[in-house]
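Lettering follows sequence order; numbering is per chain, from 1. Values below: all heavy atoms of this structure, side chains included; hydrogens, waters and symmetry mates excluded. None of these values were measured; they are calculated from a predicted model.
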Protein chains: 2
Amino acid sequence: MPGSYQNQKAGDLNFLKRLNLSAILETVRRAPGVTRADIATQAQLTKATVGTAVQSLLNQGWLKEGELQKSSGGRPGRALHLNDDHYYLLGAEVGVHGLRLVACAPSGQVLETQHEPFPCTTPDTTAASLGELLRQFTHRTSLQHRDSLGIGVALPGTIATDEAVLRRAPNLGWHDVRFMELLRPHLPEATGVWLMDNEAKAAAFGELYFRTGAIPESLLYVSAGTGIGSGLAEGRHLPLLTRGVQGLAGEIGHTVLQPGGLYCHCGNRGCAETLVSGWSIRATLGIDEKDDLINRLTPRLQEPMVVHTLRRAGEALGMLLLNLHHTQNPAEIVLGGSLTRLGPLFLDPALTYFEAHQHRLLGTAQRVSLRVIEDSTFVAARGAAAQVLARAIHDQALPQATHGSS
Amino acid sequence: MPGSYQNQKAGDLNFLKRLNLSAILETVRRAPGVTRADIATQAQLTKATVGTAVQSLLNQGWLKEGELQKSSGGRPGRALHLNDDHYYLLGAEVGVHGLRLVACAPSGQVLETQHEPFPCTTPDTTAASLGELLRQFTHRTSLQHRDSLGIGVALPGTIATDEAVLRRAPNLGWHDVRFMELLRPHLPEATGVWLMDNEAKAAAFGELYFRTGAIPESLLYVSAGTGIGSGLAEGRHLPLLTRGVQGLAGEIGHTVLQPGGLYCHCGNRGCAETLVSGWSIRATLGIDEKDDLINRLTPRLQEPMVVHTLRRAGEALGMLLLNLHHTQNPAEIVLGGSLTRLGPLFLDPALTYFEAHQHRLLGTAQRVSLRVIEDSTFVAARGAAAQVLARAIHDQALPQATHGSS
DNA sequence: GGAAGTAAGTTCAATCTGTTTACTTATTCG
DNA sequence: CGAATAAGTAAACAGATTGAACTTACTTCC
């Protein structure tokens, strides 16, 4: 037999059925209120197939029936919605300065949040603390009568495609950590999907996946915080993430923006992070790592030095966004991370630069929408929860209901 | 009914059968010489299913049986190969200085080539000439007794996801051209798959798709010629290309490498193309657009000015490759385009820079393989042919054989 | 040389899936 | 109120994969 080669996807009748159940579920998720007839035309299935599939999804607690639609000359259809009261998803983010927890309904609605200041420490200690927090978290009343579909954890570092091991997280000082294996002993009773991902990639995924109606073809999330990273999600079918072999895709902080510029902690010169990042701003303005950057900076926004530093950082961000536009060409760019709270002194130069230069290659025809999230505290954690939902819907057998449902 | 939303993929039994036929065909394609039993374990299908599917692929002329395998204690398996004598693929490239034609067997083997000098002219004139060339080309004896699966055309410009219209090709001076519609009247008898794509993306696809054995997870093709562009192909299942909404993904020529640098023809300053591209080298060294760059430069390789220019361009290319490594993180980088013929004076600085800086973020553990193609004349055209094959195998019903076959 | 063992490939009834066709239900329009 | 229209359901049908039994073909061992 010849050497190793990848599996090709093939399937049996069971696979086909699960595929169709997933497709129906995704259709309802993306367009709440569709009827069985709508689904049949959308998904290219017959009414009969859709009918039986929907019935089984109703029994499993994934869907619920809604109001009768307006009739257009015949029997009115029955609206279908995700059953937001039966399952929930857990998302967490391990950040440099704290742990963040989120519980989401399948629609993406946030049910519970928790933001716990927590210092950088070892993987084991962090896993123990996060496990304890999650255990308490799941006892909150709004989650008591729901079933968990799984747990997703977002981390500030590079994760290879298999998603099992965190290769490097320079800002945490970690490398080669199998974080989910460390977490599991602390949550022995938890079942369902377990996964981890880079924080910017998780955020990108969530921003694309938890959206109804017309979804953009692709979405780039740029996370500007202590470091700077990005994630690209593509939404043709189920959202896919561009990861790169070593999980390095989107490590835009270390692209060279200024040949021969300042030395970066990575050893190269002129990296984007030397111009725009939490640590470079701190270094320039002499702000200690332990202090909150925004709090220390807010009273100093009149100082010429601060204004100048923020403007230069903003312009560099604009240039970075333009380069990303040209290399990735996403349909939509979302800017988040703690630095967005620095306000217009930082953001305006970035937006202005990007606006002024983005259409040079294509004329004025189309522009890319660029959205800034002011408070992105829970965006990555919610994105990790979104990944759990996607995995539950697509990759594995749909779980049976255990809590009573209609 | 709620607003527009995308189709979700669902399917019937026919879809499942085609999926399995495709999976089997891909398995044989990637690992020539597999037996039915190998396929069954690889593709997770039963021997019975594989047996009938293989029989139908043999009848259709896609596969042929080979020698008996060595026995390992039982009945030996019968090797299966792609039938390279039944179908062929046509690929063409419209370049700034000429038209290139390729005919490939399903294995990727090049059957015929043709390189025709052709000046930049209007889309209509080009389509007429290409059509005539293709017609003559298909009458060559090696193609006489084969069936064509379709035609793919590679072009130096941006093409949006639907692939139907060439948005902009600055080096040709074209914009918003439906090239395949212009070509069709000149080849009325041609059937099968018709497609066009950007030349770097087509090349990336071909380099990944026409490979047997262990294929890299992703491959980035960088095309350095008159302009500079790139294409990223990912090979988890069928190779997918990163295109971007406006087809701008991979337009690396216009990423800013040197803030405040020279003005680029796109209107911005310090674009990569101002440092490394056919036109910037011509401008710096005063070489006319109509002359062949390599021919004019070869006798001048001793001049300090030439040496300096090529070294600077090479260094910029190295920096660009590093930035691509960080934003895309492909498993393999392939460097092609006419500038690779400039030799070590240009290439060495690029490779040296890339080698020296690539592992700063991940330690010395893994390195990305970087391969240079010296003669990339037919790479893009062959890539377009590869796309035709992929489309024929995956997207549509497998055609019936018309020429007699075993 | 022959019998036993092992593995590849085939045959065919059984099972499971989506489809087709006919039917029931529920609303609008005249 | 009846005809028309459209949503949803039920039962027979068509088809693809499966599983078990079978045939084929080679190796190994006595």
Side-chain angles (χ1 to χ4, degrees), chain A residues 1-2 8-24 27-28 31 33-59 63-81 397-398, chain B residues 1-2 8-24 27-28 31 33-59 63-81 397-398:
Chain A
M1 184 162 112
Q8 287 305 124
K9 64 178 172 194
D12 55 7
L13 292 167
N14 192 13
F15 166 84
L16 183 62
K17 181 165 195 181
R18 288 225 314 274
L19 188 78
N20 288 344
L21 283 176
S22 298
I24 290 170
T27 305
V28 177
V34 285
T35 65
R36 290 168 176 80
D38 294 336
I39 296 171
T41 43
Q42 278 298 315
Q44 302 266 56
L45 295 168
T46 59
K47 291 190 295 178
T49 311
V50 173
T52 52
V54 163
Q55 192 54 54
S56 100
L57 290 170
L58 286 168
N59 294 340
L63 297 182
K64 65 170 184 245
E65 291 191 316
E67 66 290 358
L68 243 57
Q69 300 290 81
K70 270 275 167 292
S71 162
S72 57
R75 173 177 171 176
R78 176 70 68 179
L80 294 166
H81 298 271
L398 299 166
Chain B
M1 184 163 111
Q8 287 304 122
K9 64 177 171 193
D12 55 8
L13 290 168
N14 192 13
F15 165 84
L16 183 63
K17 182 167 194 179
R18 287 226 313 275
L19 188 80
N20 288 345
L21 283 175
S22 299
I24 289 170
T27 305
V28 178
V34 285
T35 65
R36 290 169 177 77
D38 293 338
I39 296 171
T41 42
Q42 279 297 316
Q44 303 265 55
L45 294 169
T46 58
K47 291 190 295 178
T49 310
V50 173
T52 52
V54 164
Q55 192 51 55
S56 101
L57 290 170
L58 287 169
N59 294 341
L63 296 182
K64 64 168 183 246
E65 290 191 315
E67 67 290 2
L68 243 56
Q69 300 289 83
K70 270 275 168 291
S71 161
S72 57
R75 173 177 171 176
R78 176 70 67 178
L80 295 167
H81 298 271
L398 300 165

Discussion item. Can a donor-acceptor pair be found, under 3.5 Å and without considering hydrogens, that links the side chain of A:Asn20 to the backbone of A:Lys17?
Written reply: no
Worksheet item: How close or far is atom P of C:dA7 from atom CZ of B:Arg36, stated in whole angstroms?
Response: 19 Å
Worksheet item: Taking atom P of C:dG18 as reference, at what distance in whole Å does atom CZ of B:Arg18 sit?
Response: 16 Å
Discussion item. Return a single string for nucleotides 17-30 of chain D, one symbol per nucleotide in 5' to 3' order, where B is base contact, S is sugar-phosphate-only contact and - is none, cutoff 4.0 angstrom on heavy atoms.
Written reply: SBB----BBBS---
Worksheet item: Is it true that a side-chain atom of A:Arg78 and a backbone atom of A:Thr35 form a donor plus acceptor pair closer than 3.5 Å?
Response: no
Worksheet item: Given atom CD of A:Glu67 and atom P of C:dT27, what is their separation to the nearest angstrom?
Response: 14 Å
Discussion item. If I take atom CG in residue A:Asp38 and atom P in nucleotide D:dA7, what distance separates them, rounded to the nearest angstrom?
Written reply: 8 Å
Worksheet entry | Polar side-chain atom of B:Asn59 near backbone of B:Ser56 as donor-acceptor pair, under 3.5 Å | no
Worksheet item: Atom CZ of B:Phe15 to atom P of C:dG18: distance rounded to whole Å?
Response: 12 Å
Practice prompt. Report the distance from atom CG of A:Leu19 to atom C1' of C:dC16, rounded to the nearest whole Å.
Written response: 16 Å
Item to complete: In whole angstrom, give the distance that lies between atom CD of A:Gln69 and atom P of D:dG8.
Response: 9 Å
Discussion item. Run the side chain to side chain contact (heavy atoms under 4.5 Å, CB included) test on A:Arg36 and A:Lys47 for me, step by step, so that the C-alpha distance in whole Å, both residues' side-chain angles and the decisive distance to 0.1 Å come before the verdict.
Written reply: CA-CA 7 Å; A:Arg36 290 168 176 80; A:Lys47 291 190 295 178; over 6 Å; no
Fill in: Distance in angstrom units between A:Glu65 CD and C:dA26 C1', rounded
14 Å
Item to complete: Determine, stepwise, if the pair B:Leu80 / B:Glu65 fulfils side chain to side chain contact (heavy atoms under 4.5 Å, CB included).
Response: CA-CA 5 Å; B:Leu80 295 167; B:Glu65 290 191 315; 3.9 Å; yes
Item to complete: Give the intermediate values and the outcome of side chain to side chain contact (heavy atoms under 4.5 Å, CB included) for residues A:Ile39 and A:Leu45.
Response: CA-CA 8 Å; A:Ile39 296 171; A:Leu45 295 168; 5.8 Å; no
